[in-house]
Amino acid sequence: MRFGHFDDAAREYVITNPRTPYPWINYLGNDDFFGLISHTAGGYAFCKDARFRRLTRYRYNNVPWDDGGRYFYIQDGDCVWSPGWKPVRTELDEYRCRHGMSYTIIRGVKNGIEAEALFFVPLGTWAEVHQLTLTNRSQVARAVRVFSLVEWCLWNAHDDLNNLQRNLSIGEVEIDGSAIYHKTEYRERRNHYAFYAVNAPLAGFDTDRDAFLGPYNGFDSPAAVMEGTPRNSEAHGWSPIASHCVALHLQPGEAKTLVFLLGYVENADDQKWDRPGVIHKANARALIERFATPASVAAAFQELRSFWDGLLSRYVLDSGDARLDRMVNVWNQYQCMVTFNLSRSASYFETGIGRGVGFRDSNQDVIGFVHQVPARARQRILELAATQLPDGSAYHQYQPLTKRGNSDIGGDFNDDPLWLIFSTAAYIKETGDFSILDEQVPFDNDERAARPHFEHLKRAFSHTVDNLGPHGLPLIGRADWNDCLNLNCFSTDPNESFQTTSNRAGRTAESVMIAGQFVLYGREFVELCRRSGREQEALEAQRHVDAMVASVLEHGWDGEWFLRAYDFFGNRVGSRENEEGSIFIESQGFCAMAGIGLGEGKVEQALDSVNAWLDSDVGLVLHQPAFTRYRLEYGEISSYPPGYKENAGVFCHNNPWIMIGETVLGRGDRAFEYYRKIAPAYLEDRSDVHRLEPYVYAQMVAGRDAARPGEAKNSWLTGTAAWNYYAITQFILGIRPGYDALEVNPCIPRTWNGFTVTRIFRGVTYHIEVRNPRHVSKGIRRVSLDGDPMSGNTIPMLDPGSEHRVMVELG
Ligand code: GLC
Ligand code: GLC
């Protein structure tokens with residue numbers, strides 16, 4: 001069952017039935033100011049940090065779900081309705097929500113009145129535009145009242161929900177013409193306030209929630225709206241809101257447009273006040289002035305669209321399969337950008353108060369967006385590196401506002417440092433910019449401890465070498481990529497977090513996944529040493545990589561697949577010996593991508609075992625058999641019910657590792673089949689089962705051991721986005737940036753006749769046509785550049801600004 005459809009030309013997903021199985025959301029904003037907006041206009045806004053600078057309030061885990069947002073009420077005589085259906089839920093004559101690239105348009109029609117609201121954040125602006133157009137589609141003159149509503153958050157989203165004994169007394173607002181200012185705590189320690197304004201005179205307003213709603217009403221039936229009379233309330237403490245009431249008269253066929261602006265302002269300490277008690281509003285007024293007319297809104301909107309045209313022009317596929325094209329050209333790239341911007345902080349599953357910018361997560365995200373905004377990738381990589389600790393290890397996360405690492409959600413995840421090599425290599429391959437290696441970067445944000453970025457990579461590499469276990473394999477630490485495989489945790493106390501507890505200081509538990517990762521990214525490190533003239537370091541690093549390959553072959557192979565780990569007691573994890581958890585996906589993925597034992601058929605055997613044990617209709621599950629009881633020595637993984645999350649769910653993030661592994665073997669049919677199984681555009685018809693947005697990946701789909709396999713959770717902010725983009729574009733379609741040039745080496749289903757890709761790489765535009773007349777998966781028969789035959793499949797660097805035709809024939 002579907003709830004809408006893709007509009008590929010507009011790059012929009014169009015929801016036509018508001019009763020989706022879960023709120024289907026979109027993101028507004030591209031730099032500092034962000035909004036989450038659901039298809040019924042729920043959600044919230046923040047500037048820079050979803051925890052510390054939350055503008056509007058949102059209640060997670062609320063009933064009904066997704067209550068609170070940017071709401072419009074239209075009071076038309078006795079009939080009150082909302083263009084987004086919610087919160088009023090009056091049945092609409094027409095409803096449509098268009099989620100596009102950083103904007104959302106929600107349109108409702110009721111009794112001949114059409115209301116269309118456009119929501120977006122203009123580029124480089126600390127404000128959301130909510131432009132509402134009302135059109136009288138009836139034959140008679142109409143008089144309606146429009147009420148707006150946002151509820152202010154008292155800035156710190158965590159404290160806002162907890163510290164009521166204080167917070168119910170601190171709320172302060174100012175009303176100035178048609179602008180409502182939220183200035184809680186501005187008098188003392190804050191240099192910022194928010195405002196919600198409209199470009200029309202008011203028939204009234206409200207700023208006190210309880211006065212507006214009435215003490216026992218919800219957002220669906222505010223007393224002020226139901227009675228058609230704003231209270232002109234002024235909030236003192238309790239719960240401040242901003243609600244405008246605008247009266248409109250519409251002749252038949254007439255349309256009127258209101259521009260609402262939800263903004264954020266910071267003032268210097270000596271410019272906080274116009275006069276005692278009255279905040280300095282010049283900056284806010286200038287912003288309001290800038291977007292005061294529909295023409296200025298249209299210009300800003302056009303700018304946003306051109307911005308996205310540019311971002312999405314760097315890799316454009318024409319495969320003949322509309323679902324694949326819309327994933328590769330639009331939605332997967334879009335999700336990668338959102339994931340880069342938000343890391344794991346704010347979604348409808350991440351509350352914006354728990355996790356900030358994750359070290360491993362954000363390094364992996366780089367592979368999904370580096371071709372779009374390489375300069376920002378560089379900056380992000382250096383920010384991450386600046387939180388690295390002097391011994392090469394890493395804080396697991398940092399808070400975006402402070403950019404400082406903290407241990408709130410744990411540390412000592414021994415895979416963390418290696419991802420820094422991965423992201424840096426991806427950046428250099430995309431840009432050719434080796435100068436990043438010389439950039440001075442602090443350790444643990446201590447400027448006095450700044451060293452060249454290369455030194456950070458070296459310590460990341462050495463951190464593995466310095467922390468090997470009894471089998472010469474990397475110690476796992478608190479956990480590796482799989483946060484929930486906690487081999488040193490031994491937790492019996494439900495009040496402690498698996499992520500921050502390790503009850504045994506172990507130097508036995510080892511990870512075969514990190515071993516594969518070390519081989520893969522260790523080789524990248526060797527290459528970086530070589531290319532930056534560090535021959536001696538390259539040789540030494542290569543020896544460690546070779547030793548790791550030997551250790552994996554000797555101690556990391558279980559007979560038909562790669563082991564997953566050794567536990568605290570030195571027992572095998574992910575082995576035929578184990579009744580549950582006999583085979584895990586992560587080590588198969590990493591050892592396959594690294595080609596460990598490729599010559600001896602081990603990669604093939606491991607991936608065949610993956611197919612036999614882990615494949616299902618809804619994707620590859622993480623391990624099998626699922627854990628049916630809690631295992632103290634494994635930790636959180638066995639705490640999830642079978643089929644969910646890390647306990648044998650389809651953890652979509654790791655499926656592309658297997659896809660890429662299959663391309664190492666040249667098995668394009670299988671690689672693409674795994675791709676299709678989890679790519680959201682292919683799941684659209686099953687939206688009732690999948691439940692989440694059919695335009696973005698979810699972190700997890702319930703596995704075959706679950707009660708309802710195929711049900712997704714945790715959409716949007718997941719490494720799944722970047723890894724799938726990387727797998728499809730660089731390994732299946734096979735257009736891959738190298739240090740010197742672009743390489744073309746597709747591995748596709750045999751049935752394909754070919755495809756074309758336009759790729760802008762280091763300023764050169766390549767129109768690449770891949771032909772597959774012999775219906776093979778992999779292997780190159782001939783290549784031509786601008787009609788001239790070429791040897792090899794590496795396309796030389798040409799003049800920036802030039803355009804070239806590349807023809808690749810497989811066979
Ligand atoms: C979540 C985390 C990621 C981790 C994965 C597996 O996606 O964000 O860091 O690797 O779960 O546990
Ligand atoms: C929980 C989740 C896991 C996630 C981790 C991040 O353990 O189950 O998926 O990676 O939290 O802190």
Side-chain angles (χ1 to χ4, degrees), residues 335-336 338-340 342-352 354-368 384 387 394-398 405 407-420 422-423 476-487 489 497-500 511 513-514 516-517 521 564-565 573-574 581 584-587 589-590 619-623 627 634-640 644-658 678 692 696-703 712-724:
Q335 185 179 4
C336 286
V338 170
T339 309
F340 155 60
L342 281 298
S343 190
R344 302 299 173 271
S345 71
S347 73
Y348 268 29
F349 297 87
E350 303 280 7
T351 59
R355 304 204 285 165
V357 181
F359 191 89
R360 80 152 79 91
D361 293 333
S362 292
N363 273 304
Q364 291 172 78
D365 291 345
V366 167
I367 58 172
L384 287 160
T387 67
Y395 286 109
H396 207 41
Q397 72 136 28
Y398 69 82
S407 310
D408 288 359
I409 63 158
D412 294 328
F413 296 86
N414 280 346
D415 64 311
D416 271 343
L418 292 173
W419 300 110
L420 190 62
F422 182 39
S423 62
I476 198 166
R478 192 182 308 284
D480 59 24
W481 170 87
N482 189 332
D483 273 330
C484 301
L485 190 62
N486 314 122
L487 301 181
C489 179
S497 153
F498 286 105
Q499 304 297 311
T500 51
S511 163
M513 186 219 139
I514 303 181
Q517 195 196 6
Y521 304 144
R564 178 63 176 86
V573 179
F584 281 71
I585 199 167
E586 302 97 324
S587 43
F590 266 88
L620 297 163
V621 301
L622 196 144
H623 63 91
F627 296 108
Y634 287 0
E636 185 168 3
I637 190 167
S638 60
S639 75
Y640 283 116
Y644 294 98
K645 296 281 284 180
E646 282 88 342
N647 189 8
V650 177
F651 216 95
C652 299
H653 186 149
N654 54 41
N655 279 222
W657 303 345
I658 303 298
I678 60 165
L692 302 188
V696 288
Y697 284 96
Q699 178 206 62
M700 195 263 321
V701 172
K713 293 198 183 88
N714 296 5
S715 52
W716 285 98
L717 305 184
T718 159
T720 307
W723 271 101
N724 276 283

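All figures in this text were calculated on a predicted structure; none of them were measured in a lab. Every number for a ligand or one of its atoms is a count from 1 in the order of the listing.
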**Q** Which option out of R344, Q699, E646 puts a heavy atom nearest to atom 7 (O) of ligand 1?
**A**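 Comparing heavy atoms across R344, Q699, E646, the nearest one to atom 7 (O) of ligand 1 lies in Q699.
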**Q** Could you label the plane-to-plane angle of the W657 and W481 rings as parallel, tilted or perpendicular, counting under 30° as parallel and over 60° as perpendicular?
**A** perpendicular
**Q** Does ligand 1 come near enough to D483 that some N or O of the ligand is less than 3.5 Å from an N or O of the residue?
**A**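 Yes: some nitrogen or oxygen of D483 is under 3.5 Å from one in ligand 1.
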**Q** Mind checking whether R360 has a heavy atom under 4.0 Å from ligand 1?
**A**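 Under 4.0 Å: yes for R360.
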**Q** Please tell me whether H396 and Q499 have a donor and an acceptor in their side chains that are separated by less than 3.5 angstrom.
**A** no
**Q** Could you tell me if the side chain of Q699 sits less than 4.5 Å from the side chain of L692, heavy atoms only?
**A**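 Side chain of L692 against side chain of Q699, heavy atoms only: no contact under 4.5 Å found.
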**Q** Between the side chains of D480 and R564, is the shortest nitrogen-to-carboxylate-oxygen separation below 4.0 Å, so that they form an ion pair?
**A**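 Looking at R564 and D480, the cut-off is met.
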**Q** Just which atoms of ligand 1 are under 4.0 Å from any heavy atom in D361?
**A** 2 (C), 3 (C), 8 (O), 9 (O)
**Q** Can you say whether the rings of Y521 and W419 are parallel (under 30°), tilted (30 to 60°) or perpendicular (over 60°)?
**A**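 Y521 and W419: tilted rings.
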**Q** Just which atoms of ligand 1 are under 4.0 Å from any heavy atom in N482?
**A** 12 (O)
